[in-house]
Amino acid sequence: AQKVTQAQTEISVVEKEDVTLDCVYETRDTTYYLFWYKQPPSGELVFLIRRNSFDEQNEISGRYSWNFQKSTSSFNFTITASQVVDSAVYFCALSDVFGNEKLTFGTGTRLTIIP
Amino acid sequence: DVKVTQSSRYLVKRTGEKVFLECVQDMDHENMFWYRQDPGLGLRLIYFSYDVKMKEKGDIPEGYSVSREKKERFSLILESASTNQTSMYLCASTESGTYYGYTFGSGTRLTVV
């Protein structure tokens with residue numbers, strides 16, 4: 001069975017600080033996809049990134065970066081120089097490539113940026 | 001833009017009522033999903049459908065059913081609403097075989113009293 005663990009339930013940082021959101025996953029598949037979604041106060045989940053299991057390169061997009069390490073089954077998300085607009089709930093998710101693309105989600109991390 | 005539209009943002013229903021939650025997507029996606037979101041539990045899959053008239057149970061299907069008569073529409077049905085079904089319900093869709101992830105609707109917050 002697949003599982004995604006986001007151990008950090010809530011994080012608060014002061015604006016402009018860097019913050020890392022942790023994600024650890026479990027799967028027996030050799031081919032899988034990992035995702036991060038952002039859920040702002042409006043409620044609609046917004047896709048941030050997808051990573052497949054064969055691509056361990058880190059990714060950077062502006063202030064956002066992702067560190068994928070298969071050896072530790074982790075897919076961590078770092079926000080550099082955080083801003084108030086980054087306040088949201090962030091979900092990590094894992095896709096089963098043989099199961100019609102069902103996503104297994106973690107329980108989410110609520111990030112609050114204090115101005 | 002891909003759009004997934006959920007018919008109601010907020011709903012209040014009475015215990016025992018039959019409740020219909022509607023979801024429509026406009027991008028010809030094959031796969032559609034219903035999740036519920038509860039604090040501390042994340043998103044849990046209720047049902048999904050990978051084609052018209054096809055449906056499969058997710059992790060928590062008890063007390064729910066679904067209908068997919070047309071490709072663009074996926075309905076979630078609470079046969080007899082109970083207070084423990086008070087939750088945020090999220091619909092999502094995705095194109096089959098792409099693994100691009102989901103496009104989500106804005107959610108329906110259902111309160112059963």
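Numbered from 1 within each chain, the chains take letters A, B, ... in sequence-line order.
Cluster membership for A:Val19 and A:Tyr37, using ILVMFWY side-chain heavy atoms within less than 4.5 angstrom, is not shared. Hydrophobic cluster membership differs between B:Tyr89 and B:Leu43, with clusters built from Ile, Leu, Val, Met, Phe, Trp and Tyr side chains linked at under 4.5 angstrom. Each of A:Tyr25 and A:Tyr33 belongs to its own hydrophobic cluster when Ile, Leu, Val, Met, Phe, Trp and Tyr are linked at side-chain heavy-atom distances under 4.5 angstrom. Under the 4.5 Å side-chain heavy-atom criterion for grouping Ile, Leu, Val, Met, Phe, Trp and Tyr, B:Leu110 is connected to B:Trp34 within one hydrophobic cluster. A:Phe35 and A:Ile49 fall into different hydrophobic clusters, where Ile, Leu, Val, Met, Phe, Trp and Tyr residues are linked whenever their side-chain heavy atoms come under 4.5 Å apart, directly or through other members.
With a 4.5 angstrom heavy-atom cutoff, A:Thr9 does not touch chain B via any of its atoms. Residue contact with chain A, scored on non-hydrogen atoms closer than 4.5 Å, involves the side chain of B:Leu45 exclusively. Proximity to chain A is limited to the side chain of B:Arg9, based on heavy atoms less than 4.5 angstrom apart. With a 4.5 Å cut-off on non-hydrogen atoms, A:Gln6 does not touch chain B at all.
Between A:Phe105 and B:Tyr35, the two ring planes are perpendicular [angle over 60°; tilted spans 30° to 60°].
Annotation for B:Gln37 and A:Phe91: closest pair NE2-CZ, 3.4 Å, computed over non-hydrogen atoms. Closest approach of B:Gly105 to A:Glu44, counting heavy atoms only: O-CG, 3.7 Å. For the pair B:Phe33 and A:Lys102, the tightest heavy-atom approach, listed with the atom from each and the gap, is CE2-CA, 4.0 Å.
In this structure, the side chain of B:Tyr102 does not engage the main chain of A:Val46 through any donor-acceptor pair within 3.5 Å.
Interatomic distance, B:Thr94 OG1 to A:Leu103 CG, rounded to the nearest 0.5 Å: 8.0 Å.
Open room surrounds NZ on B:Lys57; 12 or fewer heavy atoms of other groups in view lie less than 6.0 Å from it. Within 6.0 Å of CZ in A:Arg110 there are 12 or fewer heavy atoms belonging to other residues, nucleotides or ligands.
Checked against the 6.0 Å centroid criterion, the rings of A:Phe47 and B:Phe104 do not qualify as a close aromatic pair.
A:Leu45 is not listed as a side-chain neighbour of B:Thr103, based on a closest heavy-atom distance of 4.5 Å or more.
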